[in-house]
Amino acid sequence: MLRDIPVTLPSTPLLSAVDQGRSLRTLNEAELAQLCEELRAYLLYSVGQSGGHFGAGLGVVELTVALHTVYDTPQDRVVWDVGHQTYPHKILTGRMQKMRSIRQSGGLAGFPKRSESEYDTFGVGHSSTSISAAIGMALAARQQGVDRHVVAVIGDGAITGGMAIEALAHAGHVRPNMLVVLNDNQMSIGHNTGGLATYFAKIWASKTYISLREGSKKILKRIKPAWDLAKRTEEHMKGMVAPGTLFEELGWHYIGPLDGHDLPQLLQTLENMKDLEGPQFLHIRTMKGKGFAPAEKDPVGYHAINKIEAVPKGPQANLPAAPRKPKFQDVFGRWLCDMAEQDPKLAGITPAMCEGSGMVEFAERFPQRYHDVAIAEQHAVTLAAGMACDGLKPVVAIYSTFLQRAYDQLIHDVAIQNLDVTFAIDRAGLVGQDGPTHHGAFDLSYLRCIPNMVIGAPSDENECRQMLYTAYQHPGPAAVRYPRGTGTGALIAETMTELPIGKAVTVREGHRVAILAFGTVLPAALEAGAALDATVVDMRWVKPLDEALVLTLAGSHDLLVTVEDNAIAGGAGSGVHELLAARRVDTPCLHVGIPDTFVEHGSQAEQYAAAGLDAAGIVTAVESRLLDAGLAHGEVRANAVPVVG
């Protein structure tokens, strides 16, 4: 329960004295164990104050302390995968007092960020990148003659990602001096535990064993029958007690699995492995949410939490809670189940985002038609293409930024073949505290240029439901993109009705200025339209555009304003401008969207205001453009006549 999270600052005498990680190397084993307890307590406290990820961080407390104790960080490089694990790392590297600002505007980032600390050796938000980056750093050290250790920490399911497997294979070829630590928090791979496995792991990590092993190789290689027998015996023994055969075959020296919460064993093992030549692989077992009972029981539900708000007192305590508006992901999940009931050909696919994409109910009700492919976005898209080739109608539920990782498959495997795949693109636009690694700021730009694609941007929950149905009925690739968070509170119709593809809806009649709103920016556009007495259109479709309506508006208004929560470069507004240029229409255009910069973390409201995508920002941009064009006082363009498409 959230009430079990401490709301008062815990006593942390050792932790408070830590200076940039270096002072850990002066502590004895008992002090390091105490430090782990203080670190875990402070992590719980600080996340309760700020909100954020903490389940994965609780699981790597001992590992984090061990790494910063054994290695000379930041001279030695530690590369973290899946930044959710790095809160303890941030606390130990000079950012303890700033932890309550994490993921807030102007505060610490929720993920490793190179500009934030020299200890953050590689920026990360998405998974499965650490091994590739660490190999690059190890090869850079080799080429430049630098004496440096490199460690990659991968976990939380990231080892399933295609990039991780590719990197493991490459390292077996180039043989860098580096260590990969697999943080197996029982939500990814690995089943071999117990005394025997630990016993052999200790032996394999010992300097005595390494010396004997390498010495035996030198001697026995001269006697082929004996060498063959020794090699077969060694591999057979390892195969019996550890899941390391795959890694050994790829060229890694595999150690483990070890108990990742046994600090003395971790310290000894890391020290033993520190100076080994070639690629080393250490497999540890940890518990996600370690030390916080609710998170240990429900590691998915406690992956992250919101800030713990004070319980209201007095008259406010008895006020009824405001009705909750549905999240867009839940609108999708409900539609998916309803659609599956109607059509037995539907199949649902997600790259490890069942909960985040609203697919829990679908997975329970239609388990044979639900496919979680793990963190493998490229495979997810081509899997859908294969299904579509043989008569199924796949729906790929995927975050906007995750679809970026499967762009080639989207073009090569789906669009070129014009296959019937529906993409439900979640987390479009600005997502808030997760920041630039998770903003869905580019999907309209990267989708719009692909032939055969149909792209919809619903403005509310009901339109999202109907547009998903429309995209599903379309016999080719179609994408519907919607934001993170709750909707507007629009009434959602039970009946599913096809919307005319490529047709917009005028929602406000006005004069001089026409605002073309793409997606859930419509409420802000309507507010701005009322202030400006402007025409406002819910464009609905980015591709194909409602060309006839755009051209009519261009002929009857002095200024067209496009509003979208996508990068201005190449986005929906660019499509409008391209249409006008192709038809030789010279009506001025103003594009309001995400500027050519990476928007830093903060609340969604702060981000939209900073980008000028709230009503005030739209009004200011329009008034400035009218002033620049000499139209601020009611002048009318001389050529403002209807344009026939």
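Each of M539, K503, R540 was compared with L545 under the side-chain contact (heavy atoms from CB on, under 4.5 Å) criterion, and only M539 meets it.
Looking only at atom types and distance, the side chain of E461 has a donor-acceptor partner in the side chain of T488 under 3.5 Å away.
The shortest side-chain heavy-atom distance between L580 and L560 falls under the 4.5 Å cut-off. Taking the side chain as every heavy atom from C-beta outward, R448 and S574 approach each other to under 4.5 Å. Residues F111 and T86 fail the side-chain proximity criterion, which asks for heavy atoms closer than 4.5 Å. For the pair Y482 and D426, the minimum side-chain heavy-atom distance is below 4.5 Å. In this structure the side chain of V124 never reaches within 4.5 angstrom of the side chain of S130, judged on heavy atoms. The shortest side-chain heavy-atom distance between I450 and Y407 falls under the 4.5 Å cut-off. Between L447 and I425 the shortest side-chain heavy-atom distance falls below 4.5 Å. For the pair L613/V563, a side-chain contact is recorded, criterion being any heavy-atom separation below 4.5 Å from C-beta on.
Minimum interatomic distance between G107 and H601 (heavy atoms only, all atoms of both residues): O-NE2, 2.8 Å. In plain terms, the two heavy atoms of L430 and H439 that are nearest each other are CA-ND1, 3.5 Å. Between A415 and N452 the shortest heavy-atom distance is O-ND2, 2.8 Å. What you find for Y87 and G110 is that their closest heavy atoms are CE1-O, 3.5 Å. Taking every heavy atom of both residues into account, V536 and A525 meet most closely at CG2-O, 3.8 Å. Of all heavy-atom pairs between A457 and E463, the closest is O-OE2, 4.3 Å.
Residues passing the side chain to side chain contact (heavy atoms under 4.5 Å, CB included) test with Q466 are N462, A493, M496, T497, L499, sequence neighbours excluded. Taking V360 as the reference, C354, E355, E364 meet the side chain to side chain contact (heavy atoms under 4.5 Å, CB included) condition, with sequence neighbours excluded. By the side chain to side chain donor-acceptor pair (under 3.5 Å) test, E606 pairs with S603, sequence neighbours left out.
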Throw together a table of side-chain donor-acceptor distances under 3.5 angstrom for residues 378-400, partners on residues two or more places apart or in other chains.
{"residue": "T382", "atom": "OG1", "partner": "Q378", "partner atom": "O", "Å": "3.4"}
{"residue": "T382", "atom": "OG1", "partner": "D413", "partner atom": "OD2", "Å": "2.6"}
{"residue": "K393", "atom": "NZ", "partner": "D420", "partner atom": "OD2", "Å": "2.5"}
{"residue": "K393", "atom": "NZ", "partner": "Y472", "partner atom": "O", "Å": "2.9"}
{"residue": "Y399", "atom": "OH", "partner": "R427", "partner atom": "NH2", "Å": "3.2"}
{"residue": "S400", "atom": "OG", "partner": "D443", "partner atom": "OD2", "Å": "2.6"}

Please tabulate, for the side chains in residues 516-523, all donor-acceptor contacts under 3.5 angstrom to protein atoms that are two or more places apart in sequence or on a different chain.
none

Exercise for the section: Walk me through it: do D434 and R103 pass the test salt bridge (charged side-chain N to carboxylate O under 4.0 Å, His left out)? Expected result: CA-CA 7 Å; D434 282 343; R103 303 171 80 237; 3.0 Å; yes
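In this structure, D372 contributes its side chain and A352 its backbone to a donor-acceptor pair below 3.5 Å.
Within the 6.0 Å centre-distance limit, the rings of F366 and F362 are counted as a close aromatic pair. When ring centroids are compared, H283 and F247 stay outside the 6.0 Å threshold.
Shown here is R365, whose CZ atom has more than 12 heavy atoms of other residues, nucleotides or ligands within 6.0 Å.
Applying the side-chain hydrogen bond (donor to acceptor under 3.5 Å, both in side chains) test to every pair with at least one member in residues 162-173, sequence neighbours left out, gives no pairs at all.
Atoms NZ and CD1, on K90 and I102 in that order, are 5.0 Å from each other to the nearest 0.5 Å. If you take OG on S357 and CG on D330, they are separated by 10.5 Å, rounding to the nearest 0.5 Å. With values rounded to the nearest 0.5 angstrom, Y608 atom OH is found 6.5 Å from I594 atom CD1. The CG atom of L410 sits 10.5 Å away from atom CD1 of I416, with the distance rounded to the nearest 0.5 Å. Considering CZ of F328 and OG1 of T486, their distance stands at 8.0 Å, rounded to 0.5 Å. Note that CE of M353 and CE of M359 are 12.0 Å apart. Values are rounded to the nearest 0.5 Å.
Ion pairing of R481 with D565 is present here, as a side-chain N (NZ or NE/NH1/NH2) and a carboxylate O approach within less than 4.0 Å.
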